[in-house]
Visitor: 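Please read through the structure below; I'll follow up with questions.
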Amino acid sequence: MNVRILFFAQARERAGRANAELSLPEGSRLEDALAALARDYPALDPLWPHLAVAVDGRIARPGTQLAEGSELALLPPVSGG
Amino acid sequence: MNVRILFFAQARERAGRANAELSLPEGSRLEDALAALARDYPALDPLWPHLAVAVDGRIARPGTQLAEGSELALLPPVSGG
Amino acid sequence: MPELLAGPIPVERLLAEAARPECGAVVLFLGTTRDRHEGRRVTRLHYEAYRPMALEALGRIERETGERFAVASCRIVHRLGEVPPAEASVAVVVAAPHRDAAFEASRWAMDEVKRAAPIWKKELYDDGSGGWVEGAELK
Amino acid sequence: MPELLAGPIPVERLLAEAARPECGAVVLFLGTTRDRHEGRRVTRLHYEAYRPMALEALGRIERETGERFAVASCRIVHRLGEVPPAEASVAVVVAAPHRDAAFEASRWAMDEVKRAAPIWKKELYDDGSGGWVEGAELK
């Protein structure tokens, strides 16, 4: 299955792009996607401890089941206002 | 000497006017002016316990010495805002 | 410098004048006319002031706000005469480096305006009668 | 309903929409761009957002402000893209029957915006470099 990845702020700059597609085996969970992203984008390493991850617009735990077309967003600490 | 009296809000309505001149003996104090006003404007009676009085723009005590041309203002409880 | 004026308060001008590059926060408070008071229908408010003393009081509040709080500016504008419902009778604009000080300063300044400025408000009701609002005795 | 927009925040429209005859107080908070941060000269800010999630977060804050405080309305507008010094990046407008609730609600809503909305700010310095502002980890 394919999921869509969105990178924001520092994550966008470190990944060198704002979005990507990721192909994963059927039945993958969020943690599987994150492991793949960690491999593909080593520049994200220092950010991981501070990132929140949303699946389809909601903050998600690593065990969250993904689906075809899920939208994953990597969200650094926020600083609006 | 002559002093000028300004009536505001309820005091203006009860006095039936916004201002007046008052003639007082030389050496009069604020309390003398207030006694004259109480005589001349009995409709002010219920207001007196709640009135502040300013002389030339500053809240004044009854013993304050008046001068020719002093401006006395009768100030009901305020409700700006 | 405070202002007493007839007619609508020029909020956009006040905000433009308050904006400054060393500040991260602007708080604008508007006191607006309510259309009901203790069950009666208020059609408009009438405000009057002892103008020179009111300007002095508002100016003192502006200065004291700047001394008590970490703010860059405090401006107070009060409307006089008739004010219809939902329109602003008073504006307090505070600019500050940080928002906590801006909120606290605005609130304090507004409490002071109500407590210490020789300004009076009369409510005019839909039956043609009117009543002065119970206020704070000046000290 | 919250808004995310490029370009100046239409403050006058927001105030007009907030005004209502049953309210006696309107508090507008503007977060404005400061021209210095930790000794460096900031020439402008760049804001970005995860738009659908940010709109949902701001909408949740608007609603929750209405539930937690005695206010009639809460509107939040955040600017995105580049914001020059002294211009507003965010506006919170609260209308309430009484001013204490308006101040408290505005402050709470603004704290929540900073804590919970997926929006990011980068400072751009006069030497051409830039830095993301240390923020709050989303939970």
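Just so you know, these numbers come straight off a predicted model, no measurement behind them. Naming: A, B, ... by sequence-line order, numbering from 1 per chain.
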Visitor: Under 30°, 30 to 60°, or over 60°: which ring-plane class applies to D:Phe103 and C:Phe29, parallel, tilted or perpendicular?
Guide: parallel
Visitor: C:Pro97 versus chain D, heavy atoms under 4.5 Å apart: side chain, backbone, both or neither?
Guide: both
Visitor: Checking the side chain of C:Thr32 only, and the main-chain atoms of D:Pro21 only, is there a donor and an acceptor separated by less than 3.5 Å?
Guide: no
Visitor: If I measure from the heavy atoms of chain C, does D:His98 come under 4.5 Å with its side chain, its backbone, both, or neither?
Guide: side chain
Visitor: For chain D, which of C:Gly31, C:Ala19, C:Ala16, C:Cys23 has the most heavy-atom pairs under 4.5 Å?
Guide: C:Cys23
Visitor: Could you look at D:Ser106 and say if it's the side chain, the backbone, both or neither that has a heavy atom under 4.5 Å from chain C?
Guide: both
Visitor: Does C:Arg34 reach the side chain of D:Arg20, with side-chain heavy atoms less than 4.5 Å apart?
Guide: no
Visitor: What I'd like to find out is whether the side chain of D:Leu28 reaches to under 4.5 Å of the side chain of C:Val27, using heavy atoms alone.
Guide: no
Visitor: How about C:Arg36 and D:Glu22: do any of their side-chain heavy atoms sit closer than 4.5 Å?
Guide: no
Visitor: Start with the C-alpha gap between C:Arg99 and D:Asp111, add the side-chain angles, then the distance that decides, and say whether side-chain contact (heavy atoms from CB on, under 4.5 Å) holds.
Guide: CA-CA 10 Å; C:Arg99 70 184 183 286; D:Asp111 287 348; 2.6 Å; yes
Visitor: Using a cut-off of under 4.5 Å on heavy-atom pairs, state which of C:Ala25, C:Pro85, C:Gly24 scores highest against chain D.
Guide: C:Gly24
Visitor: So C:Val11 and D:Leu15, do their side chains get closer than 4.5 Å, heavy atoms only?
Guide: yes
